[in-house]
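Both counts, for ligands and for their atoms, begin at 1 and track the order of listing. All residue numbers in this chain count up from 1 along the given sequence.
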Amino acid sequence: MKRTVLRAVGVAGAMALGLGLASCASDGGSEGSGGEAAAEDIRVGVAMPTETSERWIADGDAVESQLEEAGYEVDLQFANDDIPTQQQQIEQMITNGADILIVASIDGTALASQLESAADKGIPIIAYDRLINGTEAVDFYVTFDNYQVGVQQAQSLLRGLGYLDENYEDTGLDEEKIIEVFAGSPDDNNTGFFFGGAMDTLAPYLEDGRLTIGSGQDELDQVATLRWDQATAQKRMEDLLTSTYGGGSGQLDGVLSPYDGISRGIITALQNAGYGDTIEDGLPVVSGQDAEIASVSMIDRGVQYATIFKDTRKLATQAVDAASSYASGEEPEANDTDTYDNGTKVVPSFLLESDIVTADDIQELLIDTDYWTEDEIAAGVAE
Ligand code: BGC
């Protein structure tokens, strides 16, 4: 398969990219002279972390279908949030002749040896949504502006609590409110960006006393949720209710949540403790991320307050564009070359923008853009 990439990119491009020159020489370069590669000769390995979250299923589907539309052969794998499974899947992709890899890691530091062996074979590696850390073996990163996602999560919480209006401007509200904060998986590089953006945005309110974190737990290692797991989040919320809120009788106004699955775990704990079924009934305001259908439906019914919409179709398009650039011997176009230092190098990145979705925004951002249908939102499940 290496020869087919060389056909695609030409030897000069391959040299520029380090694409499999050794294999070209050992293959005699027989297919290398002048012809344009057909995309179907190029195999793209796509490693996704899990199918337990809709967003990754949507990402996998979108990347696969857009690559196939462009004519590439696709090897798409999901790893059940299990690191050894993802390592094996990537090894298998390389063995099966992947020419380009697109990788959404489970643990950003756990893939170095697999990816270094891919890089040695000249395979370009595109980190998808989550940065791969601690290795030279990552060429490009497609993602959203993750710090800004965190800012938006906090803004949505502040709006739900009444401090910001629908334009996210200060309302002048001077009440004191109690919150808790949750963060994502500590091994996901995005977690620190989301949490940093959110806490920087909440800082002025925490400093002047309008907001208090009831438990006092505000350090990332105290509030992180391994593997973004819903049940883990529910358990931590239950423990907090017991330790700090009299089992559910204490004042709690809002919870910062970094992901819809975590939000649903938190909401279940709050409902079980008797805070009410909806925000109108007294349920604390909870933020989210990913516009998962179960959560969008809950937002529509006044149960979860907000989510952050990251259009997976647009991210898939960026990944496919990056893959196509490599396939034609070019470097993909970055719009950020400063932010994402993986500990070994600053990885050139393309960042997309995200949007806050409250009940007011569902129609425009999710239905009008054909992300979810009205029926899906009513049913709370994807068709
Ligand atoms: C993604 C989020 C997602 C989370 C849990 C993060 O890396 O950026 O969109 O909510 O993983 O799957």
Name every donor-acceptor pair, under 3.5 Å, that has one atom in a side chain of residues 192-207 and the other anywhere in the protein, sequence neighbours excluded.
from: Asp200; atom 1: OD2; to: Tyr147; atom 2: OH; distance (Å): 2.5
from: Thr201; atom 1: OG1; to: Gly197; atom 2: O; distance (Å): 2.7

Partners meeting salt bridge (charged side-chain N to carboxylate O under 4.0 Å, His left out) with Asp360 (sequence neighbours left out): Arg159

Asp129 and Arg55 ion-paired at < 4.0 Å: yes

Check: Tyr72/Ser324 side-chain N/O donor and acceptor closer than 3.5 Å: yes

Pairing residues for Thr244 by the side-chain hydrogen bond (donor to acceptor under 3.5 Å, both in side chains) criterion, not counting sequence neighbours: none

Arg264 vs Asp260, salt bridge (charged side-chain N to carboxylate O under 4.0 Å, His left out): CA-CA, chis, key distance, verdict: CA-CA 6 Å; Arg264 295 194 296 274; Asp260 287 342; 5.0 Å; no

Under 4.0 Å from ligand 1 - residues by heavy atom, chain and number: Arg55, Trp56, Asp129, Arg130, Asp188, Asn190, Phe194, Trp228, Tyr259, Gln289, Asp290, Lys310

